[in-house]
Amino acid sequence: MAELRYRAPKGTYDLVFPESERTERVLALAGEVLTLRGYRRISTPVLENTELFRRSIGEDTDIVTKEMYTFEDRGGESLTMRPEGTAPVIRAYLERGLYAEGLPQKLFYFGPMFRRERPQAGRFRQFYQIGAEAVGSADPLIDAEIISISAVLFQRLGLERYRLVLNSVGCRNCRPGYREVLTGYLEGIAPSLCEQCRKRAKTNPMRVFDCKEEGCREALSGAPAIAEHICPECREHFEGVMGGLEMLEVPFDVDRSLVRGLDYYTKTAFEFQFEGLGAQNAVSAGGRYDYLAEELGGPPTPGVGFSMGVERLMMSLDSEGLGMFEELEQMIVFVAGVEGVDRGRVFSLLKEIRDASFSADADFMGRSLKAQMKQADRLGAMLVMIVGGEELERGGVALRDLGRSEQWDIPIGDAVSEIERFLEGTR
RNA sequence: GUGGACGUAGCUCAGUCGGUUAGAGCGCCGGGUUGUGGCCCCGGAGGUCGGGGGUUCGAAUCCCCUCGUUCACCCCA
């Protein structure tokens, strides 16, 4: 392959048809599922003040310490290309005073996120997320609703090879106590832990549950689970969420080792894990974040949300052989001009047809009639309107049905009505 | 940031114990039908064999470096 001078930056990609159109459809379906549940679209800037993410995601997280695209703009301000969507939404919620619109505020978003990681299957530097936030309610049933949205979308798409895992990560009342107990336990089994985990035991003890090392897993099998150490309030909430999911008929497994990577999560944490996607198998994930609004300088405001990786969603469709939507856009008419005919005739017919809201195209390559027919076929056109000298002399044009290889003359003035008639006839 | 695999036409790939002008299928363009698609037939365009260096009489084929892609670790959507 001759080396092109410019290529899409590492970890980014161009979405080209027909995949682009396929993605569009999936997004439209997601929007439908969300709208049906009262969620409304919000768009926030791709750029935010760096502090917003440092505060919300956590100073010690991988995202903040090594993955953000941060730069100083020409005015000396530190800006960051958003690595996730929740903090910006909460920021906007506070800034625009959306609480005055009544609670809960149910918002959804779609857009690109940026993280400077090493790309691999299902992991990109610029990736798209669709997500939703329910802000202002502490009701466990709204956790269930948020979680169920992904399940409903998966079901609508026909996806089956996944499972929902659920956990509670506690709150500011119970987490410190659990942390202490866990740290104590980890000290005891330190010799049988891998190097990584020994480090993590000190910096972020709950992360050890993520380790896939055989030795660690065994050593951790007897570790205290947070589920047994959460406070009565958290426990009650967790049970409420599980009850809600049962009512919504969303099956789940409790996984006490599930932890989330962003600091702001409290209580509910969940993840939809898929088979057949490679190492990055979480297509949708999220949780509750009851202190985030406060952390950002607003009034205490509970919230819960999810975000879904669009690329991973599309990959899961691929792996289950789904999402090959039958007909993509079909061209209704191709207006072909015979050699020697004034192109103006073709062009004005084209305008007339398009003005009547029929998709139509014509030749812009100066090609022969034969080549134009070929082009019409390639575009999937149903009809070809042939503008030829002979027909014009009789005051008409020819209309050809590509499906049935039939062709007939029509008066040039009836172009649009003839197309309408044809379309009614095929139905 | 670490490790492995791979890098030949637009796409999918063949060709490598080193040896004349680097191939196929698909796609693209044109012709076979002096005004007509899909099938078929014919022809054509398109390749610094990722890049650089080295070994050799000779390298797409061997060696080194580099860039890129990809998968995995890490982490996460």
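Letters A, B, ... mirror the listed sequences (proteins, then strands); counts begin at 1.
A salt bridge does not link A:E145 to A:R37: none of the charged side-chain nitrogens sits closer than 4.0 Å to a carboxylate oxygen. Ion pairing between A:D361 and A:R354 holds under the 4.0 Å rule for side-chain N and carboxylate O. Look at A:E51 and A:R54 and you find a salt bridge, because one of the NZ, NE, NH1 or NH2 atoms lies within 4.0 Å of a carboxylate O, short of that distance. In this structure, A:R172 pairs ionically with A:E294, as a charged nitrogen and a carboxylate oxygen lie closer than 4.0 Å. The pair A:D318-A:R22 meets the salt-bridge criterion, since a charged nitrogen lies less than 4.0 angstrom from a carboxylate oxygen.
On the P atoms, B:rG53 is 28 Å away from B:rG15, given to the nearest whole Å. Taking the P atoms as reference points, B:rG27 lies 12 Å from B:rC41, given to the whole Å. Nucleotides B:rA22 and B:rG44 place their P atoms 16 Å apart, quoted to the nearest Å. Remark: the separation of the C1' atoms in B:rU48 and B:rA5 is 25 Å, to the nearest Å. Only the C1' atoms considered, B:rG32 is 44 Å distant from B:rG18, to the nearest whole Å. Rounded to a whole angstrom, the distance from the C1' atom of B:rA72 to that of B:rA14 is 29 Å. Atom P of B:rU70 sits at a distance of 12 Å from the matching atom of B:rU12, rounded to the whole Å. Nucleotides B:rG30 and B:rU36 are separated by 14 Å at their P atoms, to the nearest Å.
Taking a 6.0 Å sphere around CD of A:E19, one finds it holds more than 12 heavy atoms contributed by other residues, nucleotides or ligands. Counting non-hydrogen atoms of other residues, nucleotides and ligands closer than 6.0 Å to CZ of A:F347 gives a total of 12 or fewer. Within a 6.0 Å sphere centred on CD of A:E249, other residues, nucleotides and ligands contribute 12 heavy atoms or fewer. Enclosure of atom CZ in A:R175 by more than 12 non-hydrogen atoms of other residues, nucleotides or ligands within 6.0 angstrom is indicated.
When both pairing distances are held under 3.5 Å, B:rU20 makes no Watson-Crick or G-U pair with any nucleotide shown. Summarising the base pairing, B:rC49 is matched to no nucleotide, lacking a Watson-Crick or G-U wobble pair whose two defining distances lie under 3.5 Å. Across all strands shown, B:rG7 forms a Watson-Crick or G-U wobble pair with B:rC67, both key distances being under 3.5 Å. For B:rG1, the paired base is B:rC73 (Watson-Crick or G-U wobble, both distances below 3.5 Å).
A:D377 contributes a side-chain N or O that forms a donor-acceptor pair with the base of B:rG37 under 3.5 Å. For A:R312 against B:rC76, a side-chain-to-base donor-acceptor contact under 3.5 Å is present. Checked by distance alone, A:R116 brings no side-chain donor or acceptor within 3.5 Å of a matching partner on the base of B:rG1. You won't find any donor-acceptor pair under 3.5 Å spanning the side chain of A:S368 and the base of B:rG35, going by distance alone. Looking at A:R123, its side chain comes within 3.5 Å of the base of B:rC74 through a donor and an acceptor atom.
Near RNA chain B, meaning a heavy atom under 4.0 Å away, the residues from residues 386-400 of chain A are A:I386, A:G388, A:E390, A:E391, A:R400.
For the pair A:K66 NZ and B:rC75 P, the interatomic distance rounds to 8 Å; values are reported in whole Å. B:rG30 atom C1' lies 15 Å from atom CD of A:Q372, rounded to whole Å. B:rC29 atom C1' lies 20 Å from atom CZ of A:F364, rounded to whole Å. Look at CE on A:M68: it is 18 Å from P on B:rG1, rounded to the nearest Å. Between the CZ atom of A:R345 and the P atom of B:rG35 there is a distance of 19 Å, given to the nearest Å. For the pair A:Q280 CD and B:rC76 P, the interatomic distance rounds to 10 Å; values are reported in whole Å. Taking atom CE of residue A:M373 and atom P of nucleotide B:rC39, one finds them 14 Å apart after rounding to whole Å. Protein atom CD of A:E67 is 12 Å distant from nucleotide atom C1' of B:rA77, rounded to whole Å.
Backbone-only contact: A:A285 has heavy atoms under 4.0 Å from sugar-phosphate atoms and none from a base. A:F124 comes within 4.0 angstrom of a base, heavy atoms only. At the heavy-atom level, A:R378 lies under 4.0 Å from the strands shown only through sugar-phosphate atoms. A:G278 comes within contact range of the sugar-phosphate backbone alone, with a heavy-atom separation under 4.0 Å but no base atom that close. Among the atoms of the strands shown, only primed sugar atoms or phosphate atoms (P, OP1, OP2) are found under 4.0 Å from some heavy atom of A:L262. Among the heavy atoms of the strands lying under 4.0 Å from A:K374 are primed sugar atoms or P, OP1, OP2 only; no base atom is included. Counting non-hydrogen atoms under 4.0 angstrom, A:Q407 reaches a base of the nucleic acid. A:E117 comes within contact range of at least one nucleobase, with a heavy-atom separation under 4.0 Å.
Considering only side-chain N and O atoms, A:R367 lies under 4.0 angstrom from the phosphate OP1 or OP2 of B:rC29. Put simply, A:Q120 has a side-chain N or O that comes within less than 4.0 Å of OP1 or OP2 on B:rA72. Contact annotation: A:K10 reaches the phosphate of B:rU69 (side-chain N/O to OP1 or OP2, under 4.0 Å).
Side-chain atoms of A:L369 lie closest to B:rG35 of the nucleotides B:rC73, B:rG35, B:rC29.
Mapping A:S284 and A:A121 onto RNA chain B via the closest heavy atom, the residue that lands nearer the 5' end is A:A121. Residue-to-nucleotide proximity on RNA chain B shows that, of A:E311 and A:L277, the 5′-proximal contact is made by A:L277.
Side chain of A:Q375 to main chain of A:D363: no donor-acceptor pair is present (N/O by atom type, distance under 3.5 Å, no hydrogens or angles).
Of all non-hydrogen atoms in A:S56 and A:A87, the two that sit nearest each other are OG-CB, 3.3 Å.
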